[in-house]
Amino acid sequence: MDRYTVLLVDDEEEVIQVIMKKINWEGLGFSVIGYANNGIKALEMVEEFQPDVVMTDIKMPYMNGMELSGHIKADFPATKILIFTGFDEFEYAKEAVHLEVEEYILKPVNSIELTNVFTQLKIKLDQEFNEKRNVEILQKYYMESLPLLQINFYSTLIEGRIQEHELSKYLSDYQLSFEGPFFCCLVIHTAAGKDAKNMNPLLLSTSVQKQADEHLGEKWRAKCFAYLGNTILITQLNHENDVSDLTDECDHFCRYMHRIIGADVTVGIGPVCKNILSLSQSYISAREAVSYRVIYGSCRAINMKEIAPQEMSSSDSMNDADFSRLFKMIRMGSAEDITEAVNVCLNHISFPVKSLQQYHIAVMELVSALYRFSINNDISLDDFSGDMKNLYGTLLDMDQESLQAWLTDISFSFHEKLISARSKSTQSFVLKAKEYVHNNYSDEELSLDHVCDALGLSNSYFSTIFKKETGMSFIGYLTDYRMKRAARLLIETNEKSYIIAQSVGYSDPNYFSYVFKRNFGTAPSKYRTEHAKD
């Protein structure tokens, strides 16, 4: 880090000027970003600039240094605090220690002492910064956790929870490669046979997993891992028909494991696929193949496609993953993402390879899913108004191009309605926040926390959206509104300044005058005189 930032706080400006001139800040590795003459102004600057170091006096108007330090430590714990004061009191020192203040310095400030303090503070800050940013340490932690991350990825992959746009990042982050060009999922189920009935089941499964990795892993470039009590292998094939050789080798492996350790091992083999994102279907079929051991016997490999080829044809039907992706894109994706998701869905409604009955069922599933989505997201049902029977009839008469256009249009419509709803929601709670200020600005205790509690929102989210919508922070808006109300009261009434201060939320008339002058460039009394002439 080049230079750390420092905020100076003292109600005596000459003291600040002396400190700024006495110290070679740049040489020490610091830069002074500004100064404040009271604790409240300092806290506003801390919130805006988030300095690395705050050096503050104790005795100041409106908010003393101890109160300021307490707020900083609560909201910005990484900020270092230095306290300097002419009041050498033990209680102050005790409180400073309690607040984890870095140094307690007595006035008058000695440049040599202060230079030493910041020299040591720079060393401490450098150490903390380096620990956070140390790439070698982070890399070490990452590499140690990488095997677990890879296994978690494999599990998520066969569960069908990896989206296409996420895939390349996962492969890069987890240092994985899937060359293929074909893939097949194996499920290896292990049960203790007669010769291994006394062996611990966990040790037995672990032994089978290790042997499977050794016998099948290298040739078939397999990713081997445990999942839900079974051993899973994601294999890679050069040619689609290589699955026959894979089945034979798996069969040999089952007999070998029974002979060597007495385990009854069954290997279920799913269909071959070209895309690793289709491995979820291969896994489901492989798991189902294992269940056929009650018919065909254990200690063998069972290829689902060989024993039940007719069941494979149903894998083209539209499934929940297609709907989930489409609805996710409707919520958060771009126009291109939505169009692509529509294409994926409709690829599963393919006229040449489906019976008329299957096509009708697929269209009904599509409409039902869209209807549920609109209900769950409070979207107007205009697109589904009228006779549902007529809607089905219209869609069933459409050719593929027309159906794609209809689904794309309604998806875009849902997308726009969701954006509009989110925008209205954001504008709504900003308006509610403003209304809350208008009704409670005279309350001295009114704060960001009060408004967020009333709205049921987090401070960070509310602050971000409020500033985006209004162009100013909430505290800035509150202060601005109070000052405008005060200005009107000064012109329209004869009330004394301290009464007006109280009516707009300021119990301290001196601080009210300070804030008013900062906003309008003139004191309240002078403002009243000047505008009374108009």
Inter-residue atom distance Leu237.CG - Asn241.CG, 0.5 Å rounding
9.0 Å
Assess whether atom NZ of Lys219 is packed by more than 12 heavy atoms of other residues, nucleotides or ligands within 6.0 Å.
yes
Compare every heavy atom of Ser503 with every heavy atom of Tyr441, then report the nearest pair and how far apart it is.
CE1-O, 3.6 Å
With Asn152, which residues qualify under side-chain contact (heavy atoms from CB on, under 4.5 Å), at least two apart?
Thr156
Distance check, rounded to the nearest 0.5 Å: Leu403 atom CG versus Leu346 atom CG?
5.0 Å
Compare all side-chain heavy atoms of Thr266 with those of Ile302 and state whether any distance is below 4.5 angstrom.
yes
Donor-acceptor pair, Thr408 side chain versus Gln404 backbone, under 3.5 Å?
yes
Any side-chain heavy-atom pair from Leu125 and Val53 closer than 4.5 angstrom?
yes
Taking all atoms of both residues into account, what is the closest heavy-atom pair of Leu489 and Thr493, and its distance?
O-OG1, 2.5 Å
Answer yes or no: is there a donor N or O on one side and an acceptor on the other, between the side chain of Gln281 and the main chain of Ser278, under 3.5 Å?
no
Which residues satisfy the side-chain hydrogen bond (donor to acceptor under 3.5 Å, both in side chains) test with His438, sequence neighbours excluded?
Tyr477
List in chain and number order the residues that pass side-chain contact (heavy atoms from CB on, under 4.5 Å) with Arg518, two or more places apart in sequence or in another chain; answer none if no residue qualifies.
Lys41, Glu44, Tyr514, Val515
First locate atom CD1 of Ile500, then atom CZ of Arg488, and finally report the distance between them rounded to the nearest 0.5 Å.
12.0 Å
For Thr5 and Ser31, indicate whether the former's side chain and the latter's backbone hold a donor-acceptor pair under 3.5 Å.
no
Working for side-chain contact (heavy atoms from CB on, under 4.5 Å), residues Ile338 and Phe414:
CA-CA 11 Å; Ile338 294 172; Phe414 283 1; over 6 Å; no
Do NZ/NE/NH1/NH2 and the carboxylate oxygens of Glu469 and Lys434 come within less than 4.0 Å?
no
Among all residues two or more places apart in sequence or in another chain, which pass the salt bridge (charged side-chain N to carboxylate O under 4.0 Å, His left out) test with Glu240?
none
Between the side chain of Asp242 and the main-chain N/O of His239, is any donor-acceptor distance below 3.5 Å?
yes
Is there a side-chain contact (heavy atoms from CB on, under 4.5 Å) between Leu246 and Trp220 once you walk through the steps?
CA-CA 8 Å; Leu246 175 61; Trp220 300 100; 3.7 Å; yes
With a 4.5 Å limit on heavy-atom distance, are the side chains of Gln236 and Lys223 in contact?
yes
What distance do Cys250 atom SG and Asp245 atom CG have between them, rounded to the nearest 0.5 Å?
11.0 Å
Taking all non-hydrogen atoms of both residues into account, name the closest pair between Arg287 and Val187 and its distance.
N-CG2, 3.8 Å
Count the heavy atoms of every other residue, nucleotide or ligand shown that sit under 6.0 Å from CD of Glu144, and state whether that count exceeds 12.
yes
Who passes salt bridge (charged side-chain N to carboxylate O under 4.0 Å, His left out) against Lys468, sequence neighbours left out?
none
Would you check, one step at a time, whether the test side-chain contact (heavy atoms from CB on, under 4.5 Å) holds for Tyr481 with Val504?
CA-CA 9 Å; Tyr481 187 80; Val504 296; over 6 Å; no
Using the six-membered ring wherever Trp is involved, compare the ring planes of Phe327 and Phe373 and label them parallel, tilted or perpendicular (cut-offs 30° and 60°).
parallel
Not counting sequence neighbours, which residues clear salt bridge (charged side-chain N to carboxylate O under 4.0 Å, His left out) with Glu444? List them please.
none
Check whether any side-chain heavy atom of Leu167 sits under 4.5 Å from a side-chain heavy atom of Phe153, and report yes or no.
yes
What's the shortest heavy-atom distance between Asn519 and Thr479, and which atoms?
OD1-CG2, 4.3 Å
Could you check if a side-chain atom of Asp213 sits within less than 4.5 angstrom of a side-chain atom of Thr231, using non-hydrogen atoms only?
no
Tyr527: what forms a side-chain hydrogen bond (donor to acceptor under 3.5 Å, both in side chains) with it, not counting sequence neighbours?
none
Restricting to side-chain hydrogen bond (donor to acceptor under 3.5 Å, both in side chains), what partner residues turn up for Lys517, sequence neighbours left out?
none
Check: residues 448-457 side-chain donor-acceptor pairs under 3.5 Å, at least two apart:
from: Asp449; atom 1: OD1; to: Asn459; atom 2: ND2; distance (Å): 2.6
from: His450; atom 1: ND1; to: Glu445; atom 2: O; distance (Å): 3.0
from: His450; atom 1: ND1; to: Ser447; atom 2: N; distance (Å): 3.3
from: His450; atom 1: ND1; to: Ser447; atom 2: OG; distance (Å): 2.8

With the side chain counted from C-beta on, respond yes when Val46 and Phe76 share a heavy-atom pair under 4.5 Å apart, and no when they do not.
yes
Closest approach of Ser205 and Thr190, non-hydrogen atoms and distance?
OG-CB, 4.2 Å
If the condition is salt bridge (charged side-chain N to carboxylate O under 4.0 Å, His left out), which residues does Lys484 pass it with, not counting sequence neighbours?
Asp480
Under 3.5 Å: donor-acceptor pair, side chain of Ser282, backbone of Pro271
yes
Heavy atoms only: give me the nearest Phe520-Ala487 pair and the separation to one decimal.
CZ-CB, 3.9 Å
Holding to side-chain contact (heavy atoms from CB on, under 4.5 Å), I want the full list of residues that pass it with Leu228, two or more places apart in sequence or in another chain.
Tyr283
Could you tabulate the donor-acceptor pairs under 3.5 Å formed by side-chain atoms of residues 174-186, not counting sequence neighbours?
from: Ser177; atom 1: OG; to: Glu179; atom 2: OE2; distance (Å): 3.2

Please report the interatomic distance CD(Glu128) to NZ(Lys80), rounded to the nearest 0.5 Å.
3.5 Å
Is a side-chain donor or acceptor of Ser172 paired with a backbone partner of Ser168 at a separation under 3.5 angstrom?
no
Pairwise side-chain contact, His165 with Arg325, heavy-atom cut-off 4.5 Å (strictly under)
yes
Any chance you could measure Ile475, atom CD1, to Leu446, atom CG, to the nearest 0.5 Å?
7.5 Å
Checking side-chain contact (heavy atoms from CB on, under 4.5 Å) for the pair Ile234/Phe225: CA distance, chi angles, key distance, verdict?
CA-CA 9 Å; Ile234 298 174; Phe225 60 102; 4.0 Å; yes
Going by heavy atoms in the side chains, are Phe512 and Met483 under 4.5 Å from each other?
yes
Whether Arg300 side chain and Cys254 backbone form a donor-acceptor pair below 3.5 Å:
no
Counting N and O atoms only, with roles assigned by atom type, does the side chain of Lys73 sit under 3.5 Å from a partner on the main chain of Thr79, one being a donor and the other an acceptor?
yes
